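Okay, so here's the structure we're looking at.
Just so you know, these numbers come straight off a predicted model, no measurement behind them.
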Amino acid sequence: MNLGWVMTLASPDNPTAQVIVMSRDETAPVEPDMSVEVEDVDAVYAAVVDSGAQIVHPLQDEEWGVRRFFVRDPNGRVVNVLTHR
């Protein structure tokens, strides 16, 4: 995938092994420090909200095929939590 501002490189032998390169984030207020793909982003979002952690970017579907949100970890890093649709 290459959208100009974000590009994903995946292993042909193991497509879940990916490296994502970003120059900026097109739809979020900040650039994440890292991304984590989870099986059920809605369940993780509910658990994060219940924990009281700071949501930096709300849960939403993105046009490039992911559902995601950003959370700030206790050290101030922004984590992009996502599921491919």
Side-chain angles (χ1 to χ4, degrees):
M1 174 188 78
N2 186 350
L3 299 177
W5 59 272
V6 61
M7 179 174 49
T8 300
L9 306 170
S11 166
D13 298 326
N14 180 7
T16 60
Q18 301 177 358
V19 174
I20 299 170
V21 180
M22 293 179 71
S23 60
R24 67 184 186 288
D25 195 294
E26 194 71 18
T27 64
V30 299
E31 287 79 33
D33 294 300
M34 65 175 289
S35 296
V36 176
E37 186 169 354
V38 298
E39 188 171 323
D40 185 346
V41 73
D42 292 280
V44 173
Y45 181 76
V48 169
V49 168
D50 287 347
S51 78
Q54 180 188 3
I55 301 298
V56 180
H57 182 59
L59 182 64
Q60 67 184 45
D61 293 328
E62 301 288 5
E63 65 184 38
W64 57 92
V66 300
R67 183 165 174 77
R68 69 180 185 156
F69 71 95
F70 292 4
V71 61
R72 191 172 307 276
D73 81 3
N75 295 314
R77 299 291 180 199
V78 176
V79 181
N80 174 24
V81 183
L82 67 112
T83 297
H84 279 86
R85 293 184 281 141

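- Under a hydrophobic clustering in which Ile, Leu, Val, Met, Phe, Trp and Tyr are joined whenever their side-chain heavy atoms come within less than 4.5 Å, directly or via other members, Val38 and Leu59 fall into the same cluster.
- Pairing each heavy atom of Val48 with each of Ile55, the nearest pair is CG1-CD1, 3.7 Å.
- No continuous path of hydrophobic side-chain contacts links Leu9 to Val36 [ILVMFWY only; heavy atoms under 4.5 Å].
- Scanning both residues, Thr27 and His57, for their nearest heavy atoms gives O-CE1, 3.1 Å.
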Show the atom names and distances, to 0.1 Å, of all donor-acceptor pairs under 3.5 Å that link a side chain in residues 74-82 to residues at least two apart or in another chain.
{"from": "Asn80", "atom 1": "ND2", "to": "Ser35", "atom 2": "OG", "distance (Å)": "3.0"}

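- Under the 3.5 Å distance criterion, the side-chain polar atoms of Arg68 are left unmatched by any main-chain donor or acceptor of Val41.
- Counting only heavy atoms from C-beta outward, the side chains of Arg67 and Asp42 approach each other to under 4.5 Å.
- Taking hydrophobic clusters as Ile, Leu, Val, Met, Phe, Trp and Tyr residues chained together by side-chain heavy-atom distances below 4.5 Å, Phe69 does not share a cluster with Trp64.
- If you chain together hydrophobic residues whose side chains sit under 4.5 Å apart, Phe70 and Val49 never meet in one group.
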